[in-house]
Every structure is written in C-alpha cells, then in structure tokens.
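Note on naming: letters A, B, ... go to the chains in the order of the sequence lines (proteins, then strands), and numbering restarts at 1 for each one.
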Amino acid sequence: MEERYDPQTVELKWQKYWIERNIFKTDPDTSKEKFYCLEMFPYPSGKIHMGHVRNYAIGDVIARYKRMRGYNIIHPMGWDAFGMPAENAAIKEGIHPAKWTYENIAYMKKQLNQLGLGYDWDREVTTCSPDYYKWNQWFFLKMYEKGLAYRKSSFVNWCPSCMTVLANEQVIDNGCWRCDTAVIKKELEQWFFRTTHYAEDLLKACDELKGWPEKVVLMQKNWIGKSEGLEADFKVAGMDERIRIFTTRADTLFGATFICLAPTHQLTEKLASDKEALRKVKEHYGKVDEKVGFFTGRYAINPANDEKIPIYIANFVLMEYGTGAIMSVPAHDQRDFEFAKKYELPIKIVIMPENSELQTSNSELNAAFEDEGILVDSSSYSRLRSDVARIEIAKHIEKKGLGKRVINYKLRDWGISRQRYWGTPIPIIYCEKCGVVPVPEQELPVILPEDVKFTGTGGSPLTDSAKFLDVNCPQCKGKARRETDTMDTFVDSSWYFIGYCFTKGKINFNSELSTSPPFNPPLGRGGQRGDSFEISYWMPVDQYIGGVEHAVLHLLYSRFFTRVIKDIGITGFDEPFTNLLTQGMVCKETLKCPEHGWLFPEDVKDEKCTKCGKPIERGRVEKMSKSKKNVIDPDYLINKYGADTSRLFSLFAAPPERDLEWSDQGVEGAYRFLNRTWGIVFKNSHKLRVTSYELKNENKNLSLVTRHSSPLLRKTHQTIKRVTNDIEREYHFNTAIAALMELVNEITSFESRTDDDWRVLKFSIETLLLLLSPFSPHISEELWEATGNKPSILERAWPSWNENIAKEEEIELVIQINGKVRAKLMAPAGLSDAEVQNRALDEQKIKEIIGQKTLKKIFVVKGKLVNIVIGD
RNA sequence: GCCGGAGUGGCGGAAUUGGUAGACGCAAGGGACUUAAAAUCCCUCGUCCCCAAAGGGCGUGCCGGUUCGAGUCCGGCCUUCGGCACCA
C-alpha cells in the first residue's frame with residue numbers, strides 16, 4: 001500500500017473494477033425487495049455543473065446504502081436531450097443539433113463515471129433518439145384516440161426571442177423560463193393535452209403524497225387551484241342573449257353594479273359597436289399594469305333583483321378562466337373597485353363586518369371589503385352571514401334555472417406545440433380532403449429530417465423541408481402535409497422513468513398492451529421476465545431526487561402522464577414517485593468590481609481588482625452561475641482532490657434539502673479527513689492484514705472488551721447506530737459524516753497493545769470503511785482491500801450495532817437548581833430516580849447552594865439530568 | 001397582496017420527544033517538528049465580569065406568555081429567502 005493517498009490512481013482502479021464486474025447491472029430478482037433510486041436526468045448542455053454533482057452524489061449514497069441493506073437496486077441515468085440550446089448551437093456554429101448533443105452526452109457520461117456514480121448504463125435513455133421519441137408519438141396517438149390530445153385556436157404565450165409558444169408553467173414573472181424575454185399573447189392553432197381531465201384526481205391524490213416535501217405538495221395544490229362557485233346567467237336587455245358569469249362570492253350578487261367581459265369573449269363583437277375601443281382593450285389584454293375597459297352601450301339584468309346594470313369589456317378579465325365574464329362587485333372586490341373608481345361606476349355595499357362599521361372616508365370606501373361579514377341591502381338575504389348566504393343565493397339561482405353551482409380549476413390544458421426543430425415531431429397529417437389525420441401507428445416514428453438549414457430566422461426549419469412536409473394522406477392517398485410543430489420537451493421527461501424499466505433500454509409499450517392485464521402481477525410469479533413484469537416490479541420510483549425548480553412543471557406533467565399511461569391500460573398505479581427529495585441549490589460568494597462587474601476569484605488580489613486596482617465588493621452568496629462568475633468546475637475539483645472528496649464535501653456542508661454554500665477551505669477539510677483515514681490504515685496495515693477477526697458474529701465483540709479497548713468498541717457501535725439513523729432519518733448525510741469524523745478522531749488516538757486490541761482496532765477500521773463507502777466509495781474499496789479484505793465492499797452487508805455495547809456505562813449527570821446548571825458528576829447508567837436524587841443532594845456544591853432553603857420539588861430525567869426546585 | 005420556509009459563535013452547521021446550547025468541520029491564535037516553509041501533530045477558541053484561577057452574569061432575530069425547565073410550544077412583531085399573483 002502506498003503511503004500517500006493519490007485519489008486519481010485509486011479512483012481509476014475502482015471505476016475500472018466496477019465496470020469490468022458489471023457491479024451496477026440491474027436484475028429483476030423477485031426474491032428480493034426492490035428499490036428504485038432515481039435522480040432527475042440532465043440536459044446535455046456540455047459539461048456537468050456542481051448542482052449535478054450534488055444531486056447525483058445524494059442519489060448514489062442512497063443507492064449504495066440501500067444495496068448494502070439488501071435491496072435489489074435499479075439506479076439508471078439518461079439524457080433529456082431535446083431542447084433549444086442544441087438548436088441555438090446549430091444556428092451559431094453550424095453544428096447539427098444531433099452531433100452537438102451526442103458529443104455533449106459522451107463527455108458528460110465520462111464525467112459522471114469519473115464521479116464513481118453507480119449507474120446501470122444498459123438502461124440509459126436518450127430522448128432525442130428515434131427509439132425513444134417514437135413513444136412520445138405513440139402516446140400522442142393513444143391520447144388523440146381518447147380525446148386527451150386535441151387541437152384548438154387560442155391566445156398563447158409567445159416568446160419573441162425563442163420564436164415559440166410557452167406553456168403557462170413556463171412563463172415566469174411574465175418572462176420566458178429560458179431567456180427571460182417578456183412574453184406576449186398570440187393567437188395560434190395549437191395541440192393540447194387535456195390535463196384538466198385529471199384536475200380533481202391530481203388534486204385529491206396530493207394528500208396521498210406522504211413522502212413528498214409539504215412545500216412541493218402545496219405548490220402542486222395551488223397550481224391546480226380548485227375553487228367552488230356559482231355560474232349565473234345575466235340576460236342582455238333588449239337582445240335574445242345571455243351572459244354567463246362565474247363567481248365564488250354569490251353572497252355579493254346584490255352588490256353587482258356592472259358586468260365585465262373578456263375582450264375575446266364570444267359576445268364582444270356582437271355587443272360592442274366601438275371597434276376601435278375594443279382593439280385598444282385587446283392590446284392591454286394579459287398585461288398586469290393597468291385596468292382598461294369601455295362601456296358597450298348595452299345593459300344586463302341581474303338575476304337576483306332584476307336590476308339593469310351596464311356591460312363593459314375589460315382587459316383584466318381572462319377568457320381562459322371561468323366563463324370569460326364576471327359580475328363586478330366593486331364594494332367587495334379590489335379589482336372591480338379599482339375599475340369602478342376609474343370609470344366612475346356605482347359602488348354598492350352589501351356586506352358589513354360582523355362587529356364594526358366599514359372604514360369609509362367621505363362616506364365612500366377607500367378599498368374593497370373582501371372579508372366575510374353580514375349581508376345588508378340584499379332583499380330577504382339581509383342579516384345572513386356571508387358564508388351561509390353564499391349557499392342560499394346559489395341554491396335560489398339554481399332553482400330558478402338561471403345558473404348552477406360549479407367547480408373551477410386554475411390548471412389549464414397543457415399546450416405542447418413548439419415551433420422548433422429539435423423536438424419530437426407531432427404525428428399528424430393535414431389533408432385537404434380528410435382534414436386532420438393521425439399518422440398510422442405502424443408508420444412511427446416520424447423521424448426528424450437531417451438535411452435542414454438552421455438560419456435562425458423565420459421559425460422552424462421543418463417548415464422549409466419539402467422532404468418532411470410533403471406526404472400522402474394515409475386515408476385518401478391524396479396530397480397532404482405534415483404538422484411541422486414539435487412537442488414541448490417536457491413530454492420527453494414525463495415518462496422516462498418508466499422507460500428505464502425496459503430491459504437493455506429497449507422500450508416497447510405495444511407488448512405491454514397485449515400482455516399486461518391483469519395489472520400488478522404478484523411478486524414472485526415464477527420465471528416471468530416480460531417487460532410488463534419489469535414495470536410493475538420496479539415502479540413506482542421509491543426515491544426521486546432533484547431540484548425544487550421542477551416542483552410544478554416536471555412533477556405535475558409526470559403525474560399526469562402516469563395517469564394517462566394507466567388509463568391506456570399499461571400500468572396499474574397513479575403516482576410515479578413515492579418519495580421525493582428536493583435538494584437545495586449550490587451557492588457561492590460573488591465578487592464585483594465597480595468598473596468591471598462580476599469577477600472570478602483569480603481576478604482579485606488583496607481585495608482589489610487585478611484589472612483596474614479598485615477595491616472589490618464581496619457580494620451576496622448566490623446560486624452558482626456562469627454569468628456571475630461564481631462557479632466551480634467539477635473537472636477542476638476531480639483533478640485536484642478526486643471524486644471522493646468532491647462527493648464528501650457536497651454531502652457534508654449542509655443537509656440535502658438546504659442550500660449549500662461552497663467553501664474552498666471546506667473542501668480542503670474533507671480532503672484532510674480522507675487523508676487521515678488513509679493514514680490510519682497505512683500506519684497499521686501490516687498488523688491489520690494478519691489480524692484475523694470474524695466480523696459476522698456481533699456478540700463476539702463482547703469477549704474482546706478490555707479496559708483499554710472498550711471505549712473504542714463502544715464508539716464504533718455508537719457510530720453504526722448514528723450513521724444508520726441519520727441516513728434513515730431524512731437522509732441527513734452531514735451529521736452522518738460528522739459521526740464518521742468523530743470515529744476517525746477516536747481511532748487516531750487509540751494505541752493497540754494486545755492482540756485483542758488489534759482485533760478491536762481492525763473491527764473499528766473495517767466498520768468505518770463500510771460506513772464511509774456510500775459517501776466516498778473509491779477510497780473505501782482501496783482501504784478495504786488494504787486491510788486484507790476481498791473486494792467489493794459494496795457487496796458487504798451494512799453493519800449493525802449491538803445496543804448493549806453501544807450504551808454508555810457511565811453517564812454525565814447534570815444537576816440543575818431552579819433550571820440552572822450548577823454541577824455535573826459522573827454516575828453509572830441505570831440508577832433509580834431515588835439514587836440519582838440522593839447523589840445530587842450529596843454533591844458538595846449543591847449542598848452549599850441549597851443551604852437553609854426549602855426543597856420544593858425534584859425532577860429527574862432518566863440518564864440525563866436532575867432539576868432541584870428550591871424556595872427562598 | 002396571498003401562501004410557505006428560514007433566522008443559533010468570526011463562518012458552514014449540530015442539538016431525534018420540552019431536559020447540559022454550540023457536535024463535526026472551517027477560519028483564527030498559540031505551541032511541537034523543520035535550517036526554513038508547506039504538510040502533519042498538540043492546545044485554546046460564544047460573550048462579559050475577574051490580574052489569574054475558582055466562580056459568576058448574559059446568550060439561539062425582537063417583545064410577551066405557558067412550564068420546575070423553552071433554540072424547541074403559544075401569541076404578537078421584525079428581517080430574509082422561495083412560490084403564486086388580475087384565477088373573479
């Protein structure tokens with residue numbers, strides 16, 4: 001064994017060993033309980049970043065730990081390979097997106113292997129491969145058959161920079177989720193997936209997501225946004241038309257003083273004569289800044305009291321939600337209030353606070369009163385409480401046949417059309433005679449044409465590819481053209497975790513349809529090795545790990561797809577991910593020069609900018625990003641410290657769910673720890689190798705205990721307990737690693753004198769290596785071998801502790817007087833309360849403090865503390 | 001504005017059920033080894049009072065409460081980070 005720890009040599013050796021032995025290959029062995037460990041697959045942008053290192057280190061620890069605990073593990077990895085950056089690279093540098101993507105994948109795969117991550121690459125999926133995206137198209141056709149995929153014209157979010165449509169979930173602060181460009185509204189024919197079909201189910205099932213962070217479940221619930229209310233019809237005076245409105249506050253119906261329609265409402269053209277005003281309002285539609293509207297000249301009849309109230313067209317009323325029309329109650333809705341003030345419309349108070357007067361100035365409201373209260377001026381409903389009146393009025397309207405109680409969701413259908421090249425072609429053909437015709441299943445996949453030009457202007461290159469575009473209609477064989485839009489890349493990531501379940505990555509859902517029912521074949525059904533068997537064996541994912549930024553988008557779409565796949569008849573489960581861990585961001589301090597902006601650490605010397613000599617500002621700790629120049633390159637870390645140190649530090653610096661602040665010195669600390677571990681094995685390697693000791697029988701430990709070695713033996717058992725519990729309890733790796741550091745400290749100061757000491761030392765060191773191996777696997781394998789053991793350490797069982805050995809014989813007894821610590825003394829563990837009391841009262845210092853004062857009461861906390869309450 | 005986290009030494013963070021606040025690591029200071037430096041090893045390290053020791057006071061964002069005892073529970077604020085935001 002080398003004296004010096006050289007991570008590069010060690011890591012290469014064991015990575016080669018694992019690959020040659022096929023250690024991470026998955027096998028559906030039904031005699032074992034399975035564990036599906038999954039990390040969110042990366043977009044192949046070129047190189048991995050520290051966020052990936054952290055995410056994948058967490059996943060690898062879990063997979064290795066569960067494996068040692070005896071689970072049958074599936075731990076796959078793949079590539080979210082469609083997307084805009086590849087297309088941008090094609091435009092900018094003239095490289096074909098496929099070439100660019102596959103080169104990036106090759107490099108990043110090498111990096112992942114250098115980190116020692118234990119993936120089964122036989123099940124790798126690459127979403128831009130026709131073998132994969134064929135199934136996007138297949139799902140599309142199945143959904144089209146079921147009416148879950150449909151086409152409609154609508155106002156959509158359009159990013160002028162990306163020249164493509166965005167789903168609602170992809171609009172962040174009114175900007176594009178990729179490039180931040182302000183999103184505009186544009187009317188387009190688009191394909192949609194009917195996510196709303198599952199709205200209620202997706203919402204209800206949220207309560208079953210026990211293994212998810214509450215925060216994420218809440219975000220899902222809020223996004224689905226259920227609200228119960230009333231739809232009511234307002235007749236248009238002098239016309240044979242009705243306007244249906246939606247409200248959650250039927251109790252304020254008597255306070256409605258006008259009606260507002262969305263500018264794109266089906267009746268606006270008919271009602272509004274002033275086309276110029278309508279055009280103006282449309283311009284402001286979807287913008288949050290200002291409320292704009294105009295009077296149509298028409299009136300509506302309030303179904304509650306037959307009052308005539310004016311009909312307005314207003315930009316702030318959304319066509320996409322409810323009925324696209326609202327009754328406006330300015331006294332009790334802030335938005336209506338602002339609109340009414342601007343256009344000088346009447347404000348009628350119909351709800352009063354229960355115990356006080358409404359705050360008004362000059363007998364006018366200065367803001368809407370939106371709380372619950374008591375009804376006034378509402379005919380027979382006056383004096384009712386608003387929550388009661390809400391139901392009564394709704395019932396009344398329903399009875400009169402002028403409306404009905406309904407449930408609305410904020411969740412909209414998922415617009416999946418994208419005007420891009422690098423995505424899955426939508427398998428649809430447009431025929432002049434037959435109209436919209438789906439591509440026949442046997443003709444899948446519809447493959448992206450390779451010979452296209454990327455100009456960066458005029459939208460998708462597919463619209464210029466005659467070879468792709470021109471096609472014969474599958475029905476009438478006449479001239480037809482293909483759909484040129486491709487699918488949102490979130491389609492790709494909505495089912496990839498099921499794709500991993502197919503042996504050797506050979507995805508085939510057709511075989512599922514013919515062989516699958518009955519669903520969920522029982523475990524242990526002898527000899528069956530079909531794909532449907534594998535899906536029901538491996539799914540659902542037991543532990544999913546990824547960034548919280550996907551809390552709404554990806555997770556919601558995956559939950560939707562899982563339901564669709566079930567309804568197609570392939571699977572028998574609703575939820576894809578049993579447990580979810582959302583890891584925090586990797587952050588680092590930023591440096592800024594007043595003249596040169598963000599700086600790399602190497603651009604700073606003595607707190608000054610090396611370019612201009614001005615003093616720099618130490619900025620906030622922010623998420624690592626290239627633009628802020630506060631990134632750490634994983635390649636650099638691996639070269640300098642090795643994968644084991646990089647993994648160890650990113651796991652030690654913070655618990656997984658919290659943000660991690662990068663610290664160069666902290667990395668040094670992790671490296672020092674591994675060096676010390678190396679050192680203790682090196683120092684003792686000769687003797688350790690010849691010391692024989694059977695690890696298996698835990699109770700043998702007891703016979704080895706001597707006065708000298710028992711503290712180390714105890715510490716070792718305590719460490720097994722702590723590390724195991726810390727991993728089991730929410731994956732708190734930081735405290736688990738701290739426990740390992742304590743053990744190393746103890747081992748370092750231990751001196752072996754007798755053969756029994758050597759056996760205890762060997763047991764300690766071997767235990768340390770077993771416990772360390774999920775975190776820093778290479779060095780653990782190397783030292784495991786150096787202590788005379790056969791590889792692989794990964795195939796060893798996770799150690800267990802003996803409570804009898806782990807428990808302390810002596811405890812430190814804390815003595816408090818009136819809740820303040822006054823003395824501490826060592827006492828044997830397991831004393832009775834009375835004995836503990838006596839010892840405490842016997843203590844010289846305690847006697848002095850008590851003196852002549854009266855003893856009021858004594859509390860004893862077993863094994864820990866005594867609190868003596870005394871009077872004056 | 002609404003919803004949800006978080007606030008503990010110089011720093012990252014521990015404290016599992018209301019029971020010794022500050023584990024572990026980093027930084028800092030002192031010492032050993034060395035011709036010297038690096039590396040390594042040892043010691044100190046919340047703060048204040050005291051020459052020092054012994055001892056004691058204060059201390060988990062702020063104010064108050066419950067309790068023998070509160071970082072932990074309750075009420076009210078402050079700061080900060082996320083998410084949503086004309087959803088009627």
Count the heavy atoms of every other residue, nucleotide or ligand shown that sit under 6.0 Å from [atom1] of [X], and state whether that count exceeds 12.
X: Lys280(A); atom1: NZ; value: no
X: Lys857(A); atom1: NZ; value: no
X: Lys623(A); atom1: NZ; value: no

Notebook entry, point to check: Between Glu290(A) and Lys342(A), is there a salt bridge with N-O shorter than 4.0 Å?
Noted result: yes

Next item on the list: Applying side chain to side chain donor-acceptor pair (under 3.5 Å), name anything that partners Arg729(A), two or more places apart in sequence or on another chain.
Entry: Asp726(A)

Checklist line | Pairing residues for Asn630(A) by the side chain to side chain donor-acceptor pair (under 3.5 Å) criterion, not counting sequence neighbours | finding: none

Note to self: For Watson-Crick and G-U wobble pairs within 3.5 Å on both distances, what is RNA chain B written in dot-bracket notation, | included for inter-strand pairing?
What the structure shows: (((((((..(((......[....))).(((((.......))))).((((.....))))..(((((..]....))))))))))))....

Interatomic distance at [atom1], [N] relative to [M], whole Å:
N: G12(B); M: U20(B); atom1: P; result: 24 Å
N: C24(B); M: A15(B); atom1: P; result: 13 Å
N: C63(B); M: U17(B); atom1: P; result: 27 Å
N: A21(B); M: U40(B); atom1: C1'; result: 33 Å
N: A23(B); M: U47(B); atom1: P; result: 13 Å
N: G7(B); M: G13(B); atom1: P; result: 10 Å
N: G75(B); M: C84(B); atom1: C1'; result: 28 Å
N: G25(B); M: A36(B); atom1: C1'; result: 30 Å

Whole Å only: how far is the [atom1] atom of [X] from the [atom2] atom of [N]?
X: Glu657(A); N: G83(B); atom1: CD; atom2: C1'; answer: 18 Å
X: Glu661(A); N: C81(B); atom1: CD; atom2: P; answer: 15 Å
X: Phe733(A); N: G12(B); atom1: CZ; atom2: C1'; answer: 18 Å
X: Phe649(A); N: G12(B); atom1: CZ; atom2: C1'; answer: 8 Å
X: Lys820(A); N: G59(B); atom1: NZ; atom2: P; answer: 8 Å
X: Trp223(A); N: G83(B); atom1: CH2; atom2: C1'; answer: 10 Å
X: Glu848(A); N: G56(B); atom1: CD; atom2: P; answer: 10 Å
X: Asp659(A); N: C81(B); atom1: CG; atom2: P; answer: 12 Å

Check: Hey, which of Val869(A), Ile870(A), Asn818(A) is the one that makes side chain to side chain contact (heavy atoms under 4.5 Å, CB included) with Lys856(A)?
Finding: Val869(A)

Could you go through nucleotides 63-67 of chain B and list every protein N or O atom that sits under 3.5 Å from one of its N or O atoms, giving the distance for each pair?
none

Check: Does any N or O in the side chain of Glu661(A) come within less than 3.5 Å of the main-chain N or O of Lys588(A), such that one atom is a donor and the other an acceptor?
Finding: no

Next item on the list: Check whether any side-chain N or O of Asn867(A) sits under 3.5 Å from a backbone N or O of Gly819(A) as a donor-acceptor pair, and report yes or no.
Entry: yes

Reckon [X] touches a base, only the sugar-phosphate, or nothing at all at heavy-atom distances under 4.0 Å?
X: Leu218(A); answer: sugar-phosphate
X: Val317(A); answer: base
X: Arg822(A); answer: sugar-phosphate
X: Glu589(A); answer: nothing
X: Lys226(A); answer: nothing
X: Ser328(A); answer: nothing

Next item on the list: Could you classify G83(B) for me, syn or anti, using a glycosidic angle within 90° of 0 as syn?
Entry: anti

Check: Do the side-chain N or O atoms of Lys683(A) get closer than 4.0 angstrom to the phosphate oxygens (OP1, OP2) of U40(B)?
Finding: no

Notebook entry, point to check: Parallel, tilted or perpendicular: which describes the rings of Tyr312(A) and Tyr343(A), with under 30° parallel and over 60° perpendicular?
Noted result: tilted

Check: Looking at Tyr671(A), Phe673(A), Trp662(A), which hits ring-ring contact (aromatic ring centres under 6.0 Å, His included) with Phe649(A)?
Finding: Trp662(A)

Check: Which letters describe nucleotides 14-27 of chain B, given B = protein heavy atom under 4.0 Å from base, S = only from sugar-phosphate, - = neither?
Finding: SS---BB--BBSSS

Next item on the list: Select from Tyr321(A) and Glu214(A) the residue whose nearest nucleotide in RNA chain B is closer to the 5' end of that strand.
Entry: Glu214(A)

Notebook entry, point to check: Relative to Phe339(A), does Lys291(A) satisfy both conditions: NZ or CZ under 6.0 angstrom from the six-membered ring centre, and within 45 degrees of the ring's axis?
Noted result: no

In a table with atom names and distances, give each donor-acceptor pair under 3.5 Å that connects a side chain of residues 246-265 of chain A to protein atoms at least two apart or in another chain.
unit_1	atom_1	unit_2	atom_2	d
Thr247(A)	OG1	Arg249(A)	N	2.9
Arg249(A)	NE	Asp251(A)	OD1	3.1
Arg249(A)	NE	Asp251(A)	OD2	3.1
Arg249(A)	NH1	Glu370(A)	O	2.9
Arg249(A)	NH2	Asp251(A)	OD2	3.0
Asp251(A)	OD1	Arg390(A)	NH1	3.3
Asp251(A)	OD2	Arg390(A)	NH1	3.4
Thr252(A)	OG1	Arg249(A)	O	2.7
Thr257(A)	OG1	Pro346(A)	O	2.9
His265(A)	ND1	Leu267(A)	N	3.1

Margin query: Regarding C68(B), can its base be found pairing with the side chain of Lys856(A) as donor and acceptor, where the two atoms are less than 3.5 Å apart?
Written below: no

Check: Any side-chain heavy atom of Pro656(A) within less than 4.5 Å of one from Phe733(A)?
Finding: yes

Notebook entry, point to check: Considering only side-chain heavy atoms of Met219(A), which listed nucleotide, A88(B), G4(B), G83(B), is closest?
Noted result: G83(B)

